[in-house]
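Convention: sequence-line order gives letters A, B, ...; per-chain numbering from 1.
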2 protein chains.
Amino acid sequence: MARTQAAEYDQRRRAIVEAAAALYAQHGFLGASVADLAQRCNTSKSLIYHYYQAKEDILFDVMNTHVQALDEAAHAISESPERPEKKLRALAHAFMRLYVGAADRHVVLLNELDNLPKARRAEIVKLQRDLIALVRDMLLEIAPRLETKARAHAAAMLFFGMINWTHTWFDPNGAVSADEIADMAVDVALGGLVRAAG
Amino acid sequence: MARTQAAEYDQRRRAIVEAAAALYAQHGFLGASVADLAQRCNTSKSLIYHYYQAKEDILFDVMNTHVQALDEAAHAISESPERPEKKLRALAHAFMRLYVGAADRHVVLLNELDNLPKARRAEIVKLQRDLIALVRDMLLEIAPRLETKARAHAAAMLFFGMINWTHTWFDPNGAVSADEIADMAVDVALGGLVRAAG
DNA sequence: CCTACCGATCGGTAGG
DNA sequence: CCTACCGATCGGTAGG
């Protein structure tokens, strides 16, 4: 009995996070009220506040589940014995797939970080910094002539720019697939557009 | 007399737009109230509503002034008789400089588009689409093997990703300058990171 | 005695 | 150009 209740508890909590991700992705965190969220879950505000102490805690859950998934994928790839070029490509594919599979969470992570309370924001930012350092070090292995950490960091951010900016334009049902975009971004980073096009 | 009043009118209106850009960049459009804006301008809410009919009209002004500047720079470069590689580089430099010079407006343009009323949003989106088509055509000239418009569009968006994503991390007072970032992004697009590093 | 949950409403603040 | 306000809605909580 207690097991069943716990299972239902987790299931309901996951349903709230998923609805919140969709709502915050579409209207922004401040543009979507707790009442809106309750309505989308066919329940009451009080039920939402039974599962979460504050609105910001829901936002944290949306972001944290996503950034944890990114972090897990990135570390698994990073620790594999492959060449750094191959790791970078695997990471681009994994990220694009996580983006497509969790597009709402991804948009929320990229747009609503400033609406988290300081302490919670710091947790997310720490994980993001780990991801960036991972890519920066891969790029330094691939292109040692980047030399300084500042330039390697800038290169990593240009790479993340290509991948992350897709949330503003990429259509999973469009003419170019997520895997093709991942390959293009890696090809551009490794060899430039001219070679990427061939 | 009327001239002096008109001059003061424009000056005050520009001061409101600038204060609004700073406020919306920092707290988001929904996170900053008209009262906040009035306070930052050392005036009253009513004065704000003397210059603007609605809060969204201020947001439009913030975005429109910036996108008009981008559009003007891009078309001037596009119509020059230079090689497409050189035009792309000039465009990257112009954009990075406009970003540094109008960082608040840039952040607002990239983050708050969804808070504009439909018709106003369409005006901005039209100008942005023009910019994208311009870069897409430059890339097709540089790398004809991109072949389809869909792939050339994706390539243009990867390029804009590198440039636009800087709003999340670039520090004008940091170790790498805006001009260096512009060169890196173009070098990556043209020849890949390995060559860009050399 | 606890949990899960509801209808109604709290004190404050938003844009106008 | 300000003070004084409005209809509505906000995030969060009361009793049961």
Residues passing the side chain to side chain donor-acceptor pair (under 3.5 Å) test with A/Q68, sequence neighbours excluded, are A/N64
Distance, rounded to the nearest Å, where [X] contributes [atom1] and [N] contributes [atom2]:
| X | N | atom1 | atom2 | value |
| --- | --- | --- | --- | --- |
| B/L30 | D/dC10 | CG | P | 11 Å |
| B/R12 | D/dC1 | CZ | P | 4 Å |
| A/N115 | D/dG11 | CG | C1' | 14 Å |
| A/Q53 | D/dG12 | CD | P | 10 Å |
| A/L23 | D/dC10 | CG | P | 11 Å |
| B/K45 | C/dT13 | NZ | P | 12 Å |
| A/N42 | C/dC6 | CG | C1' | 15 Å |
| B/K55 | D/dT9 | NZ | C1' | 14 Å |

Surrounding CD of A/Q128 (heavy atoms of other residues, nucleotides or ligands, distance under 6.0 Å), is the total greater than 12?
yes
Mark yes when over 12 heavy atoms from residues, nucleotides or ligands other than B/E85 sit less than 6.0 Å from its CD; otherwise mark no.
yes
How would you label the contact of [X] with the nucleic acid (heavy atoms, under 4.0 Å): base, sugar-phosphate, or nothing?
| X | value |
| --- | --- |
| A/Y51 | sugar-phosphate |
| B/S46 | base |
| B/A32 | sugar-phosphate |

Is there a side-chain contact between B/H50 and the phosphate of D/dC1, meaning an N or O under 4.0 Å from OP1 or OP2?
no
For the side chain of A/H27 and the backbone of A/L23, is there at least one donor-acceptor N/O pair under 3.5 Å apart?
no
Whether A/R120 engages the ring of A/F60 as a cation-pi pair (distance to the six-membered ring centre under 6.0 angstrom, angle to the ring normal within 45°) should be assessed.
yes
So, A/D183 and A/H93: side-chain donor and acceptor under 3.5 Å apart, yes or no?
yes
With pairs taken as Watson-Crick or G-U wobble and both distances under 3.5 angstrom, which stems of at least three consecutive pairs involve DNA chain C?
none
Span that lies between the P atom of C/dA8 and that of D/dG12, in whole angstrom
22 Å
Between C/dC6, C/dC5, D/dC10, spot the one nearest the side chain of A/S33, thanks.
D/dC10
Among D/dG12, D/dC1, C/dG16, which nucleotide sits nearest the side chain of A/Y49?
D/dG12
Begin with the C-alpha distance, continue with both residues' side-chain angles, and end with the deciding distance and a verdict on salt bridge (Lys or Arg N to Asp or Glu O under 4.0 Å) for B/R151 and A/E180.
CA-CA 9 Å; B/R151 280 185 68 81; A/E180 283 179 272; 3.6 Å; yes
